[in-house]
Structure formats: structure tokens, C-alpha cells
Amino acid sequence: MCGIVGAVAERSITAILLEGLKRLEYRGYDSAGVAVFTNDGTLARMRRPGKVSELEQALEAEPLVGRLGIAHTRWATHGAPCERNAHPHFSGDLAVVHNGIIENHEALREQLKALGYVFTSDTDTEVIAHLLSHKLKDLTDLTVALKATVKELHGAYGLAVISAKQPDRLVAARSGSPLVIGLGLGENFLASDQLALRQVTDRFMYLEEGDIADIRRDSVQIWDLDGKAVERETVQYRDGAEAADKGEFRHFMLKEIHEQPAVVQRTLEGRMSQNQVLVQAFGPQAAELFAKVRNVQIVACGTSYHAGMVARYWLEELAGIPCQVEVASEFRYRKVVVQPDTLFVTISQSGETADTLAALRNAKELGFLASLAICNVGISSLVRESDLTLLTQAGREIGVASTKAFTTQLVGLLLLTLSLGQVRGTLAAGVEATLVEELRRLPTRLGEALAMDSTVEKIAELFAEKNHTLFLGRGAQFPVAMEGALKLKEISYIHAEAYPAGELKHGPLALVDNDMPVVTVAPNNELLEKLKSNLQEVRARGGQLIVFADEKAGMTNGEGTHVVHMPHIHDILSPILYTIPLQLLSYYVAVLKGTDVDQPRNLAKSVTVE
Ligand code: G6P
């Protein structure tokens, strides 16, 4: 993870770097730092543990003024989050910031120590700084020395380097961690995400894997993996920089929860006719490829993985296609047997998650029929490297706990299911038409579920003093329960586990007592009676039940049972609707506990390291 910003300009760049870091805090926020080649000709830095605001305060007290600089916001991988380990790291006249993990850092550290280099941090990044310093002794030119340095690195890196001896340039290298150059007039910039630079430019050049760049005020030169000089396309964004504004809401997470009717509507727009899904929404070759699909393999991480788990129920029930779902970090290291004609589907909000991207790259060698990305970022690596794409239209998600990205992914996956069923002739036209109609009504239903906001806020009080919670679901509601448990642990730090309700008596029932609230989602479907029996098992052990139930499910409040009635919805769409109260529940529990809702401890929005 971590965020990188760099600038080479005629004007003072510290404020630009700081603004960029604030926009990148979603990538990590346990410490931050900046290094500037100051107007008095020295390389100076300021680093602070904690959020970018701590660094900002330190710089207000002691400004750094210069026209060349690099900055970093960190998510610790090697070494605790403290000032000494914060980037930039120095070696002689060099300053380096790094995103990624250098796997052979221990061996390199020993070699460099033997050569007399002294280490002041526990990071793998400091190894890069010293190694580059060492190469510069013979190779003098910064980009030449950087090319020689990265040849010795194993692992992943996005790197930005400045040198007090060559103060007209900012050099960069990319392998496994995204970097983009922002093009200005008489000034140029670098960042790990274009969002960091939207305040200064709308023109960008994306570095590709293995690229090295020499960025000066009025030129940019790039070399590819083989050392060949290359041109990279310039992309211009005409829309205004996306607003990072909480509006009337106290947190971004609450704002994003309430945006769901609108973004679901946007994700559906232009993708359905009166009674059918438009298959070409997945790309011009989609119809031809979908006709050949006999299996689906879904790979994703975190919340996106839970979306994939829901899709499995849909794909098998509606399209009659066998589906497997796996977390990317497992899939990428497993010997996988690929069935003929299997579509490889990745799901990712960011499109930059390291494990998902690596799984896609491995999949290309394994003989899948084609790859499809369901992703929220059109310019992401995942989208660029997949054969087919469906972009979710969630807009920028800032809260680290994913909410609107999840529900729009579910919408995208249901569109995929209907398309596959349609093209392969396994889904009756009438069923498709009904579901298209239901999808059209979904934003209104989501709005109704959001109207329960204050009811859920009240229920949250039951959790404020608890340390453990169990989430139960059956069928496609089991992954919804998993997502509910993930949300609660991510932002309220309460231990939460999800179980298929039928597994209760095979172990977790032993944990149930008065101190363990049990949350469950109960749409009115054929599993309802079975679920009700499971809930009796909980009540019989004194467990407190919180049930989000269909208004027609015949469930009512009683001693130790709190029922919240949900608007009625078609069973297939119920996982999307029932996600809403669980998001609200974790949000209000976290608010009661006083945690940092939008930036919970130890987590990051975009996980671009393994
Ligand atoms: C991180 C985020 C999660 C997200 C997961 C996968 O852990 O905190 O919210 O679900 O990464 O991210 P992706 O961008 O691939 O969906």
C-alpha cells in the first residue's frame, strides 16, 4: 500500500505534496513524511507518526521550502509505524520513497552493512536507498544507477527518488505497484494514484510494469523493462476532480451507505432493455465468449470476495453454471485444475489489489477461456489486463470499510448471471424479464431500507458493551452475514464471526450466552422455517437475537428477540437489500465505541502489497 507523491516545479511544492498525501490517505495512514531539496541547496525532511495532519502541523511550525520533493504516507509492512521507519529514507544525498515489499531485503542489508552502510530504520526501503547510493559511486547518472539497482530487487515496488546532487530531476520506477506521472506546464508530478494530483493537472501518463522514468520540469523520459526508450500515452480527464466532501454526513462511510440507491441506479443505467440485460455491456466480444462458458471461477479479496460468494448462488441457480469462488491470496499459490471453458472473473473495487492482480496474471497461463473484471476504477491495472470488463459506477469510495462498492458489485454480478443465462439459453426469458423489472425497482427498495437508519441506530446500543458477536445466514444470505461480520470487526473492533445457520449446532452454539448477540438476516424464502428453528436454538441458550426479517416472515419482537422489519423483495435480490441494515449496524456501533470510522486502525483502502 502506501501513497507516493512527487513534484519538480518552478514554484514551492510542499503544499502540493501535502495535499496529494491527504488524498492518498486511503492507501495507509500510520505515518507520513516529506523530503524537499530546499531553496538553500540542502536535502531536508520532516516525518511524523500518525496521520498526514500531524505532518502538516509539524511543517507549519517548521516549513520546508523548495521546488523538488517527494512525499509518502505509510502502511507499515517492515518495521513499526514510528518516525524512524517513516519515509522518505535517506542515503547520503539521496531521498527515496517506496510502495511495495522487497523480498530479498535481508540479504541486501547484510551486503550493504558489510560495505559500511549504516541503517537507521527497520524498513526494506532503506536497503534501496543505500543500494542506489552505492551504484551511484560508479554509475553517476541517477536513472542509470536506478536501472542497475532495481535489477537486484526481488518483490514489488513503486519508487520515487531525488538527489541533492542532481536537483533538476525526479526519478521513478514501477514494478508491481502503480505509478502515474502528472503533466503540468513547466512542472511535472508523480503519484501512486492520479487522484493525488487532480488539484494540479488533468493530464496523466501511466507507467507500465518495469518502466523507469526521468521526470524534469519540462520533459519526461521513460524506459521499458528492456531499457528501450518508450512513449506512454497521455490520458486527459475532462471531469472535475471528484469531490471528497462529507456533505451533511458525519463520516464518509455514512455518506457512502446513503449513496447506494443512486450508485446502484447508475450501475444499471444503459445495461438493460425493457426485459433483458444487454450482454454487450461486458464488451463487444462478450456474447461470443459467454456462449462458450461452461464454468466460472471467481477470485477476489475482502468484501469483493463476499460479493463473489453471493454470485455463486446466483450463477448456479439462475444460469445453471458451476461456479467456484476463492480468495486471491490462496488461488494464486495453489496448483489449480482448470475445467475447460471456464470464465475467470475478478472482482475489485480498486482494481489494484496485489493478490487479485497476481491471480489474474497467473490465470493467463492456466488456460482459462477469458478474463472478466468487475471493477470500480476504469483506469486500473485489473481493467487494463482483463479481456472483458464491467465497471461498477459506485464513484469514489473513501471510507476504508467498503459499502457502496459491495452493493454495486452485486448488481454487476447479477447482470453477469442474467447475461450468461440468456446467452446460453439456460434462463427462461420470463424469469429474466421479472428480474430486470425487480432490478429497476431496487434503488427504491434500498431507499426504504435506508429509511430504517434510526431504528438500526437504536439497536446498535445493544452492542456497545459486547466483545463478541455471531452472524448467521442461510443460502445467499450466508455471505451477507460474512460481510456483516467483516464490517463490524473492521470498524468497531468487536470480534464477529459468521456461520451458515445450519452449522450452529456443530460448534458455535457452545459460545452462545447472554453476552453474545446473534445477528441474522431472514428474508421470506424457503429457508425461513429452518432459520427460525436455528434461532430457537439460540434463544434456548439465553442468546440475544437481532433479526432483520421480511415484513411477511411472521417474526415479532419478544423477550431477548429484536426484530427489524425489512421491505419485501424478490428473494434473488434480497442479499443486496439485507446488506444495508448490517452496514448501518456496524456504523452505529463504531460511532458508539468512538473508533475512527473512516480510517480504522491497521487497515488500508487499497492493498497493493501481498
Ligand atoms: C482492502 C479493503 C477492503 C477491500 C479489499 C479488497 O482490504 O480495506 O475494503 O474489500 O481490500 O479490495 P478491492 O479493491 O480489490 O475490492
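Counting convention: from 1, in listed order, for ligands and their atoms alike.
- Less than 4.0 angstrom separates some heavy atom of S304 from each of these atoms of ligand 1: 10 (O), 13 (P), 16 (O).
- A salt bridge does not link E25 to K22: none of the charged side-chain nitrogens sits closer than 4.0 Å to a carboxylate oxygen.
- The pair K404-E397 fails the salt-bridge criterion, with no side-chain N (NZ, NE, NH1 or NH2) lying under 4.0 Å from an Asp/Glu carboxylate O.
- The pair D355-R332 meets the salt-bridge criterion, since a charged nitrogen lies less than 4.0 angstrom from a carboxylate oxygen.
- Those atoms of ligand 1 that come under 4.0 Å of a heavy atom in S348, given as number and element, are 13 (P), 14 (O), 15 (O), 16 (O).
- Shortest contact from atom 15 (O) of ligand 1 to any protein heavy atom: T353 OG1, 2.4 Å.
- The number of heavy-atom neighbours closer than 6.0 Å to CZ of R312, taken from other residues, nucleotides and ligands shown, is 12 or below.
- When hydrogens are left out, the protein atom nearest atom 1 (C) of ligand 1 is V607 CG2, 3.5 Å; that is the closest non-hydrogen contact.
- Looking at ligand 1, you'll find an N or O of S350 within less than 3.5 Å of one of its N or O atoms.
- Taking 4.0 Å as the cut-off, V400 counts as a neighbour of ligand 1 on heavy-atom distance.
- Assignment of A604 to the shell around ligand 1 is supported, since a heavy atom sits closer than 4.0 Å.
- For atom 5 (C) of ligand 1, the closest heavy atom belonging to the protein is C301 O, 4.0 Å.
- Using a 4.0 Å cut-off between a side-chain N of Lys or Arg and a carboxylate O of Asp or Glu, D598 and R250 do not qualify as a salt bridge.
- Close approach to S402 involves these atoms of ligand 1, each under 4.0 Å from a residue heavy atom: 9 (O).
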Original post:
Does the side chain to side chain donor-acceptor pair (under 3.5 Å) test come out yes or no for D453 and Y588, once each step is laid out?
Top reply: CA-CA 9 Å; D453 188 293; Y588 284 115; 2.5 Å; yes
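- The existence of a salt bridge linking E54 and K51 is excluded, since no basic side-chain nitrogen approaches an acidic carboxylate oxygen closer than 4.0 Å.
- Residue T303 has at least one nitrogen or oxygen atom sitting less than 3.5 Å from a nitrogen or oxygen atom of ligand 1, judged on distance alone.
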